[in-house]
Structure formats: structure tokens, C-alpha cells
Number of protein chains: 2
Amino acid sequence: MTDTLSTRLPQTGRRSNQSDSLFETLTVGIMTGRIQPGDKLNELVLAEEFGVSRAPIREAFRRLQEKGLVTHVAHQGVRVISPTLQDFLSLLDVREALEGMASRLAATEMGPDELDGLADVVEQHGRDLQRNPDGPYVQNDFDNDFHVRIARGCRNPVLTDLLCDQFYPRLKLCRARHGLVKGRGLAAWNEHRRILAALMERDGDVAELLMRRHVRSARAALLSSAPGPDGRAAV
Amino acid sequence: MTDTLSTRLPQTGRRSNQSDSLFETLTVGIMTGRIQPGDKLNELVLAEEFGVSRAPIREAFRRLQEKGLVTHVAHQGVRVISPTLQDFLSLLDVREALEGMASRLAATEMGPDELDGLADVVEQHGRDLQRNPDGPYVQNDFDNDFHVRIARGCRNPVLTDLLCDQFYPRLKLCRARHGLVKGRGLAAWNEHRRILAALMERDGDVAELLMRRHVRSARAALLSSAPGPDGRAAV
DNA sequence: ACTTTCATTATTGTCGACAAATCTCAGAGT
DNA sequence: ACTCTGAGATTTGTCGACAATAATGAAAGT
């Protein structure tokens, strides 16, 4: 945790209870990397930092715990999860299943305007690649991310929530811990283009197939860039 | 909520904090149907019932909220989710993806002893069907459920937790709200047998295919037994 | 020098109380 | 009979304090 957290506290009057604000702020803090994997979250420190009592802090902790972003052991406090490479790989297996289904559903459910927006995202990604061809695919803006748009376009609220609220935060946590895979930007972009084409053709079977292959490629790239020779995490 | 909840409170000294006990007790209460969908959960009432203060109650509520079993609106309290038929169907779409992947992984990861145990489960199910051929497939014992065993056999902790801790409780909630589909017991059993066979042959492709078809069949049966003519929930 | 023991400290778990918001329902008004 | 209003009651949000447990570190023993 490099910086003071209170800088981002909305102190909004819109949301009446502080527990919800805290939860959101801490979630963003973990996703952006301001709070690092392995960091201990001290109740008193955070309470003072945010100018609240410990009760709302603890309630936010319980939600973070159930969200899978922190661990909580009795009388020992809360600590940001530090996923092993094995955890990362496990997460990507589940991601393959979920995003594959999301793509299948999105193929029939996304509206023309949504598809246009998705095409814009891909096009912008292509322009970014021209400037920096070897860079990884970075998820700068959550709302303008290729995968997030598909997760939202599948018209399945359970799946959308699962991916956006639970899965992508944990994925960002894994990336903060293990780094991004370099040099897969161009390959990812090509795979995105083919998935987009399948969606526009309303071909759910192909869209699922391509998305699953896409996630599997990312997983394989991660595995091949892993430190250990047997595919196990160093820590 | 028909019965007093405190009957199941472990009051165990083993688990030091009461928040965890409450969370588990409430989760079981919702899963078993003792707490019904739509029920309001009053902090003071529960605090008195369990003989604790409101703080641990509230912390348990936050975890239930993030688990997706209750809703929480500010100054209005906590209420057990009352899923629409649409939610039920959405859940089954995601279930198809997750259990399909679990079956694929389980085909290569499950040990011989685990497969034997799974075969016993299927056999026992067959004996139950002889006595009551028209009954639905009921999940009497969580540990001896066909799907739970596969979820645990896939050797992917993320997937196992997602299915057992998050998905199956929500599924039970949906069943409590919308009832079980009658008369699918025999068909389900046959599908289970074929999935088991694929697992024993270590054929992940077929196992995933059959499991997805199995879940889709259950979904279709639910849809056809639905009240509305257009597949929309009455509520 | 190293390990063990024990008292001190720091942190978490729980509680009761107060403030703020919502809900309830009797009574006035149409 | 129906709707609207508002005071009282109920319920939630937050706080400060105390108790219980774990982490820390100094002193004693080997």
C-alpha cells in the first residue's frame, strides 16, 4: 500500500452508508494496485485514515472476504490475497468457461449499437498497437474493455455480475502479483477481431469456440513464461 | 422463516468468532428452506435469538450479501433473495458453463477412488429411483451429490469454491422459490450414468459435452413447466 | 550465542448506546 | 369511503469502550 487511501474516498452524500463507500474504495484500491497483494489491512489505521469508526470498516472487510479479494483469519486480521501462479491458472480455466458462455449468448443478444461499440474498441486497440507493437493487452479503461463489453452484452445478469464484479477484480489481482505476459498484444488483437466477426455473424458456436481458444492461448502464454520448470509458482 | 433458528447454532468454542458461525448458520438456514425467499432478516430479532449483539449479525449479513443470497438496501434492511424464473434460467446458463468445465477437468484429475465413490452415488440414486420412479432428483446429502463430487474432483480450487460455496446455495434458493421439476429423475439418472462413463474413460471432451447437455435438459424441463406462455416469470 | 519464558503491547471480537432514517397508523381533510 | 399528513414507534447506521486473543520483545536459562 504505497499511498494514502483517503484520497479517493468519495465522501459522497449520494450513498448514505459508509460501509458501501469503503467497500468500493477498497475494491478499487486493490484493483488499481494501490493496495498490493499480501498487504495487511489494519482496522484502526484504516478507520483513522477514513475518519470513521471500525464498524463500517469491518463490514467492508467481510464483503471483500466473500468477494475473494482478502483473507480473514480470526484474531489475525485481514490481508490482501496473494495468489499463486497455480491460482492464476485455475482462475483462467474458469474464465475460459465463463467467457465462452458469455460470447455464445452475446452472439444472439447483443444489439447492433453494442456491436458497433465493440468494433470501436477493437479498432482503438489496433491503433494503440501501431504505436507500441510489443506491448501487452492492457485494460486501461474498464468500460472500454473488449471482454467487459461482451460480459455486459450477454444479457445474463448472473453471468455479467460474476464476470465484472467477481472475476475481473480477482484477475487484476493476479496480474498485479504475477505481471502481464509481454508480446501477446498483436496475437490477442487478431483473436479479438475474429471473435468480433463471429459475434456480428450471430454465430454463437464459433464465438464460444474462439473465445475459449483465446483464453486458453493467454493461459498457455502465462504458463510458458512461468519461472518454475514444472509450472509451479515460485512462491 | 417457519422455525426458530437458534436450534442449529453450534455455540462451538472451536470457532472463535460468532460472525463466522452466524454466517454458516444463516447460509444453511437459507439452503434448507427454513428461511424462505423474500423473508426479512431483522437484526434485533436475530441478535436476541442467537444471544449476541448486532455487530456480528451485521457482519454475517454483509457476507451473505456478497454471496448473493440476500439483498441489502440502506435503512431498509436485509431480505432473502427471491429469484425470478428469469434469474433461475440465467443461473442455469452459467451452471452449464461451469459444470461443463468441471467435468472436463475431472475426467483427467479425479482419482480411481473418487470415481468409485461417484459410481456408488449413481448406484444409490438408481436404487432410490426403483422405489420412487417419478420423483425428481433431490439433493438430500450435499456430500453425496453427483454434481458436488465432480465439482470437488476437478482439482481446480477456484472452480470448486465457486460451485460449492456460491452456486449451489443460490441454486437451492431458486428451487425453494420455483419448485423442482417433476418426473425428470430417470432421465437425469441416465445422463449421470453416461457422464460417469465418460469420466472413467478419461474423456474430457465427452464429459463436458454430456454434462452441458445434462444441464441444458434440466433447463429446458424447467422452461417447459413454467407458468408463463412466453417463458417469463410470473413474478 | 541461542532458545525459552513471560510480561507488555497491539489488534481483533464483541457489546451497549445514541443518532438518523424509515415505517406505521391514527386522525384530519376532501 | 378514500387520500394525505405527521407524530410516534421501529429499525438501521455509526460510534466509543471493554474483553479476549495474538504479536512483540526483553530477560533468564542453557
Side-chain angles (χ1 to χ4, degrees), chain A residues 1 4-6 9-27 30 35-36 38-67 69-82, chain B residues 1 4-6 9-27 30 35-36 38-67 69-82:
Chain A
M1 173 169 8
T4 175
L5 287 166
S6 56
L9 178 64
Q11 206 59 272
T12 172
R14 188 179 83 258
R15 185 177 287 112
S16 55
N17 59 349
Q18 300 179 297
S19 172
D20 286 353
S21 306
L22 265 299
F23 172 68
E24 194 178 325
T25 304
L26 290 175
T27 299
I30 293 175
I35 311 177
Q36 288 281 313
D39 277 351
K40 169 87 183 291
L41 297 183
N42 186 301
E43 294 179 3
L44 272 178
V45 171
L46 286 178
E48 191 146 344
E49 191 133 13
F50 288 109
V52 299
S53 95
R54 284 171 49 216
I57 300 270
R58 287 177 62 90
E59 293 187 11
F61 279 2
R62 291 307 168 276
R63 293 182 63 186
L64 289 172
Q65 172 186 359
E66 211 60 25
K67 198 186 178 95
L69 293 183
V70 305
T71 59
H72 170 86
V73 287
H75 294 284
Q76 209 164 327
V78 163
R79 195 172 288 274
V80 178
I81 291 240
S82 188
Chain B
M1 136 180 37
T4 175
L5 286 166
S6 55
L9 178 64
Q11 206 59 274
T12 171
R14 189 179 81 261
R15 187 177 287 107
S16 54
N17 59 348
Q18 300 179 296
S19 172
D20 286 353
S21 306
L22 266 297
F23 173 68
E24 193 178 326
T25 304
L26 291 175
T27 299
I30 293 175
I35 310 176
Q36 288 280 311
D39 277 351
K40 169 86 183 291
L41 297 183
N42 185 300
E43 295 179 1
L44 272 178
V45 171
L46 286 177
E48 190 146 345
E49 191 131 14
F50 289 109
V52 299
S53 97
R54 284 171 49 220
I57 300 270
R58 287 176 61 89
E59 295 185 11
F61 280 1
R62 292 305 168 274
R63 293 182 63 184
L64 289 172
Q65 172 185 358
E66 211 61 26
K67 197 187 180 91
L69 293 182
V70 304
T71 60
H72 170 85
V73 285
H75 293 284
Q76 208 164 327
V78 163
R79 196 171 286 275
V80 178
I81 290 241
S82 187

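So that the names make sense, note that chain A is the first sequence line, chain B the second, and so on, each numbered from 1.
- Smallest separation of non-hydrogen atoms from A/V78 and A/H72: CG2-ND1, 3.4 Å.
- Scored by the side chain to side chain donor-acceptor pair (under 3.5 Å) test, B/S82 finds B/R177 as partners (sequence neighbours excluded).
- Rounded to whole Å, the distance from CG on A/L44 to C1' on D/dA17 is 12 Å.
- In this structure the side chain of A/V70 reaches within 4.5 angstrom of the side chain of A/I30, judged on heavy atoms.
- Within the 4.5 Å cutoff, the side chain of A/F61 has heavy atoms near those of the A/L26 side chain.
- Rounding to the nearest 0.5 angstrom, the gap separating the NZ atom in B/K67 from the CD atom in A/E66 is 5.5 Å.
- Side-chain contact between A/L64 and A/T27: present, with at least one pair of heavy atoms (C-beta onward) separated by less than 4.5 Å.
- A side-chain donor-acceptor contact under 3.5 Å links B/D39 to the backbone of B/Q36.
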Can you give me the N/O atom pairs linking the protein to nucleotides 14-16 of chain C at distances under 3.5 Å, or say none if there are none?
unit_1	atom_1	unit_2	atom_2	d
C/dT14	OP1	B/Q18	N	2.4
C/dC15	OP2	B/S53	N	2.7
C/dC15	OP2	B/S53	OG	3.4

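- Contacts with DNA chain C (heavy atom under 4.0 Å) in residues 73-82 of chain A: A/A74, A/H75, A/G77, listed by number.
- Within the 4.5 Å cutoff, the side chain of A/F50 has no heavy atoms near those of the A/Q18 side chain.
- Contact annotation: B/H72 reaches the phosphate of D/dG13 (side-chain N/O to OP1 or OP2, under 4.0 Å).
- Between A/I57 atom CD1 and D/dG13 atom C1' there is a gap of 14 Å when expressed in whole angstrom units.
- In this model, the phosphate group of D/dT12 is approached by a side-chain N or O of B/K40 to a distance below 4.0 Å at OP1 or OP2.
- Rounded to whole Å, the distance from CG on A/N42 to C1' on C/dG13 is 14 Å.
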